[in-house]
Student: 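Please see the structure below; I have some questions.
Keep in mind it's a predicted model, so treat the numbers as computed, not measured.
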Amino acid sequence: MSKEYNVAILGATGAVGRRMIDQLAKSTIPVKSVKLLASSRSAGTHLKFRNQDLVVEETTPDSFDGVDLVLSSAGGSVSKKFLPEAVKRGAVCVDNTSAFRMDEDVPLVVPEVNPEALKNHHGIIANPNCSTIQMVMALEPVRRKFGLKQIIVSTYQAASGAGQAAIDELKKESQDYLDGKNMQEDAHILPTKGDKKHYQMAFNLLPQIDVFEQDGYYTHEEWKMIHETKKIMLDDMDAKDIKVTATCVRVPIRIAHGETVYFEVADKSATTDQIKDALDGADGVVLQADSARQIYR
């Protein structure tokens, strides 16, 4: 009989945390128990897991006693504070924040791309940026067969990437626009909550996701896509073998990110049909490419 796991979800009441609860319920992971953790502000909230009514608990170091697996998406500072405590108590942690992604001792893993990296974990496994994941999932089958020299990606990222508060703000702004009100008065979250200015998201495009880097050339979201891609594919965040350029734009939809990706392969003899064949049937990839019938998603 396979082992059953005691699972804790850190950041359970957030947009990603709630999705983790839903996906865990649908997964084949043998779950013995689930503990929902959040801040003191959210403690006491009731959430469902497989028709069980669970009460969200305030996170403390002792919350991880007896826990086998931690799924974390509560913000980088929270992960840095609590995940080492969870590891001390014997848990394996999968972290969805940026807290440990560039740590040399923490593997950055997309299971369909670099599962071998899991062998080197010391209790914490980092989950890449959402836009990085979907890009490397599609490009890895191509890289394995034809090699990759260059990637130029433009992303179209939903409000959900900035959390539940951004989704709520987009909804309110949209309604205010339809009601003839001033949307700008509602802008407190985007492009990024901690920055100086905020702009309305409804009926708008924002060419900033996360803060700008010091040189002003790109935002931290773009920096993450560049260096995470190299760490995942080449096990070196500064690798020169693949050139990567990213432009990240926030778009006024609730959920689901889109991307356009230009890439150059090392094998000059590769054809479009051969590249489609490499993608078709690759683990986690669905190829829909029939422009004559407008099938492209």
Side-chain angles (χ1 to χ4, degrees), residues 1-83 85-87 89-99 109-112 123-131 133-134 157-172 174-175 189 193 201 253-257 284 286:
M1 182 177 178
S2 61
K3 174 181 172 64
E4 291 185 314
Y5 297 95
N6 296 315
V7 181
I9 297 179
L10 180 59
T13 57
V16 177
R18 290 171 187 262
R19 185 56 63 95
M20 285 179 170
I21 295 169
D22 180 59
Q23 292 301 309
L24 181 64
K26 295 175 181 177
S27 78
T28 58
I29 296 173
V31 177
K32 183 177 182 180
S33 68
V34 174
K35 181 181 290 190
L36 305 183
L37 302 173
S39 66
S40 58
R41 184 178 65 255
S42 299
T45 302
H46 289 250
L47 295 173
K48 294 282 188 182
F49 175 78
R50 292 179 179 169
N51 296 319
Q52 301 176 53
D53 186 62
L54 300 179
V55 179
V56 177
E57 303 174 25
E58 179 181 357
T59 311
T60 69
D62 293 340
S63 299
F64 303 100
D65 288 342
V67 171
D68 302 302
L69 174 64
V70 178
L71 305 178
S72 174
S73 189
S77 61
V78 176
S79 290
K80 286 183 177 180
K81 178 179 180 180
F82 287 112
L83 294 195
E85 294 292 339
V87 173
R89 289 160 170 78
V92 173
C93 306
V94 179
D95 186 38
N96 189 48
T97 77
S98 61
V109 180
V110 178
E112 295 83 356
I124 298 175
I125 300 162
N127 187 67
N129 179 280
C130 47
S131 293
I133 293 172
Q134 64 189 75
Q157 296 177 229
S160 59
Q164 186 61 49
I167 297 174
D168 294 341
E169 185 167 282
L170 171 61
K171 182 178 179 181
K172 187 177 189 309
S174 299
Q175 188 61 58
I189 304 295
K193 188 174 181 179
M201 185 72 260
I253 60 173
R254 291 180 62 256
I255 191 168
H257 302 336
V286 176

Student: Quick one: CD1 on Ile21 to CG on Leu47, what's the gap to the nearest 0.5 Å?
Tutor: 5.0 Å
Student: Can you confirm whether Lys81 sits close enough to Thr59 that some side-chain heavy atom of one is under 4.5 Å from a side-chain heavy atom of the other?
Tutor: no
Student: With side-chain contact (heavy atoms from CB on, under 4.5 Å) as the criterion, how do Ile255 and Ile167 come out once you've worked through the C-alpha distance, each side chain's angles and the decisive distance to 0.1 Å?
Tutor: CA-CA 8 Å; Ile255 191 168; Ile167 297 174; 5.8 Å; no
Student: Quick one: pull up CG in Leu54 and CD1 in Ile9 and give me the separation to the nearest 0.5 Å.
Tutor: 9.0 Å
Student: With sequence neighbours left out, write down each residue that passes salt bridge (Lys or Arg N to Asp or Glu O under 4.0 Å) with Lys35, or none if nothing qualifies.
Tutor: none
Student: Can you see whether Glu57 engages Ser63 through a side-chain donor-acceptor pair at a distance of less than 3.5 angstrom?
Tutor: no
Student: Out of curiosity, Arg19 CZ to Gln164 CD, how far, rounded to the nearest 0.5 Å?
Tutor: 10.5 Å
Student: Which atom pair, heavy atoms only, marks the closest approach of Ala166 to Ala162?
Tutor: CB-CB, 3.5 Å
Student: Run Lys32 and Asp68 through side-chain contact (heavy atoms from CB on, under 4.5 Å) and show every step you take.
Tutor: CA-CA 10 Å; Lys32 183 177 182 180; Asp68 302 302; over 6 Å; no
Student: Taking side-chain hydrogen bond (donor to acceptor under 3.5 Å, both in side chains) as the definition, give me every residue that meets it alongside Ser160, ordered by chain and number, with sequence neighbours left out.
Tutor: none
Student: In chain order, what residues pass the salt bridge (Lys or Arg N to Asp or Glu O under 4.0 Å) check against Arg89, with sequence neighbours excluded?
Tutor: Asp62, Asp65, Glu85
Student: Could you report the tightest heavy-atom contact between Ile29 and Leu24, atom names first, then the distance?
Tutor: CD1-CD1, 4.0 Å
Student: Supply the atom-to-atom distance Arg41 CZ to Thr13 OG1, rounded to the nearest 0.5 angstrom.
Tutor: 7.5 Å
Student: Heavy atoms only: give me the nearest Met20-Ser73 pair and the separation to one decimal.
Tutor: CE-CB, 3.7 Å
Student: With side chains defined as the heavy atoms from C-beta onward, is the minimum distance between Leu71 and Asn96 less than 4.5 Å?
Tutor: no
Student: Taking C-beta and beyond as the side chain, do Asp53 and Lys48 meet within less than 4.5 Å on heavy atoms?
Tutor: yes
Student: Could you go through the side-chain contact (heavy atoms from CB on, under 4.5 Å) check for Asn127 and Ile133 one step at a time?
Tutor: CA-CA 9 Å; Asn127 187 67; Ile133 293 172; 3.8 Å; yes
Student: Yes or no on side-chain contact (heavy atoms from CB on, under 4.5 Å) for Leu170 and Ile189, after CA distance, side-chain angles and deciding distance?
Tutor: CA-CA 10 Å; Leu170 171 61; Ile189 304 295; over 6 Å; no
Student: Measure the CD1-SG distance between Ile124 and Cys93 for me, rounded to the nearest 0.5 Å.
Tutor: 5.5 Å
Student: Taking C-beta and beyond as the side chain, do Leu36 and Thr45 meet within less than 4.5 Å on heavy atoms?
Tutor: no
Student: Could you report the tightest heavy-atom contact between Ile253 and Ala158, atom names first, then the distance?
Tutor: O-CB, 3.4 Å
Student: Considering only NZ, NE, NH1 and NH2 on the basic side and carboxylate oxygens on the acidic side, decide whether Asp22 and Arg18 come within less than 4.0 Å.
Tutor: no
Student: Report yes if some heavy atom in the side chain of Val31 is under 4.5 Å from a heavy atom in the side chain of Arg50; otherwise report no.
Tutor: yes
Student: Could you pull out the closest heavy-atom pair between Gly76 and Thr97, with the gap in Å?
Tutor: CA-OG1, 3.7 Å
Student: Between Val56 and Leu37, what is the shortest heavy-atom contact and its length?
Tutor: CG1-C, 4.1 Å
